[in-house]
Amino acid sequence: FKAKEQRGSLSFFSDDLTSSARRRLDMERRLRYALEHGELSLYYQPQWDIETGAMTGLEALIRWQDPEEGLISPADFIPVAEQSNLIGSIGRWVVLEACRQLADWRGRGIITPRVAINVSAQQLLYHDLVEIVAGALDETGIPPRLLEVELTEGVLMSAAVSPEKMLHELRQLGVRMAIDDFGTGYSSLAYLKRFPIDVLKIDKSFTDDLLTSREASAVVETIIVLGHKLGLTVLAEGVETSDQLEELERLGCHQFQGYLRSKPLPVNELEDFLISYKC
Ligand code: C2E
Ligand code: MG
Ligand code: MG
Ligand code: MG
C-alpha cells in the first residue's frame, strides 16, 4: 500500500486496497473538499464557574456538514486528518476562524468570555502553531488573553515537538493553556510544574463514573487537589447531571462544561443566547 502511494500511480486505487483504507482515502478527499468549500464550521460550548454560575469560556468544537452524509463527528474525521497532511490546514483554519468569530462578536458589541481551541498533537509536528496564533491575533486584533489553547497530555511528553519552547512562546504571546482529557494520558506530574499551564480539564470518562466508581472519584478528587496546590483552574468535562455537579462542587472543582447546562451550539444559537445572557 505504502509503496504504491509513494509512486502516486493509478494503481493507488487498485482492488488490493482494503475497504477500510479505501473508505479512509475517500473521506480524506471529501474532507479536503469540505475545507476548501466552507463545509466546516465551529460550534461553541459554554464553560461555567461552579460556585457563581457565571459563564467563563467557550470551547470551539469543529463540525463537518457533509451534503450527503450530514453532520460528521470530529471523533471520526480528525483522526483521518491527522493521518494525512490535512491536520495542518484544518488546524490553521480553526485558529483563524475562532479569532475572526471573536473579532466579529466584538465588532458587533456582543460580549463573550474567552474561546478555547483544540490543537492536536500531530498538528504540532508542523512547528508553526506559535506563528499561526500570532498571525491570527495580529490580523484580528483580538486580545491574546481571550484565546486558550487545549493540548492533550501526550504532547507534554513528546520529544518530537519541543513542547517546552512552544508553550513558553504561546504564553509569551499572552495566550492561556489548558490540558485536555487530563488523567487519561501518560504525563509525568513533574511536567505540570515546568510548563506554563493554566487549566486542567478532567476527562469526561471520570465525570461519567464519579458517583459510581471509587477509582474515578479518587482520580477526580486528586486532580482537584493537585490543581489547587499548583494554582491551576480545574474544569470537569461532560457534566450531565445535577448530582455530578453537586459532587464536583463539594470536591472544590472550579468550572464545568456539559450537556447539563449547554451542548455545543452553532454560532446563530450561541449569539441569541449571549445577547440575552450579557456576560
Ligand atoms: P474534547 O476536546 O475533549 O471535547 C469534548 C467533547 O465532549 C466534545 O465532543 C463535546 O461535544 C463533548 N461533550 C461536552 N459535554 C458533553 C456532555 O455533557 N455529554 C457528552 N456525551 N458529550 C459532551 P466533540 O465536539 O464531538 O469533539 C470530540 C473531540 O474531537 C474533542 O474532544 C477533540 O479532541 C476533537 N476536536 C473537536 N474539535 C476539534 C478541533 O477544532 N481541532 C482538533 N484538533 N480536534 C478537535
Ligand atoms: Mg477540548
Ligand atoms: Mg476533553
Ligand atoms: Mg477528547
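Ligands are counted one by one from 1 in listed order, and the atoms in each one are counted from 1 as well.
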Short N/O distance, under 3.5 Å, between Asp180 and ligand 1? yes
Are any of the N/O atoms on Leu42, whether in the backbone or the side chain, positioned under 3.5 angstrom from an N/O atom of ligand 1? no
2.8 Å cut-off met by an N, O or S atom of Asp203 to the Mg ion (ligand 3): no
Test side-chain hydrogen bond (donor to acceptor under 3.5 Å, both in side chains) applied to Glu153 - qualifying residues, sequence neighbours left out: Ser187
What atoms of ligand 1 come within less than 4.0 Å of a heavy atom belonging to [X]?
| X | value |
| --- | --- |
| Ser120 | 44 (N) |
| Gly258 | 15 (N), 18 (O) |
| Gln45 | 14 (C), 15 (N) |

Compute the angle centred on the Mg ion (ligand 3) spanning OD1 of Asp180 and OE1 of Glu237, and express it rounded to 10 degrees. 90°
Under-4.0 Å salt bridge between [X] and [Y]:
| X | Y | result |
| --- | --- | --- |
| Glu247 | Arg250 | yes |
| Arg23 | Asp26 | no |
| Glu169 | Lys165 | yes |
| Asp181 | Lys204 | no |

For ligand 1, which part of [X] has a heavy atom less than 4.0 Å away: the side chain, the backbone, both, or neither?
| X | answer |
| --- | --- |
| Val94 | side chain |
| Lys204 | side chain |
| Asp181 | side chain |
| Glu59 | side chain |

Enumerate the residue pairs fulfilling salt bridge (Lys or Arg N to Asp or Glu O under 4.0 Å) with a member in residues 65-88, sequence neighbours excluded, ordered by first and then second residue. Arg30-Asp66, Arg30-Glu69
Against ligand 1, does Arg63 come closer than 4.0 Å with any heavy atom? yes
So which N/O/S atom does Asp181 have closest to the Mg ion (ligand 3)? OD1
Tell me which N, O or S atom of Glu59 sits nearest to the Mg ion (ligand 2). OE2
Which atom, among the N/O/S set of Glu150, is closest to the Mg ion (ligand 2)? OE1
Assess the side chains of Asp203 and Ser205: does a donor N or O sit below 3.5 Å from an acceptor N or O? yes
So, His254 side chain and Leu235 main chain: donor-acceptor pair closer than 3.5 Å or not? no
Assign the ring pair Phe195 / Tyr191 to parallel, tilted or perpendicular, where the plane angle (0 to 90°) is split at 30° and 60°. tilted
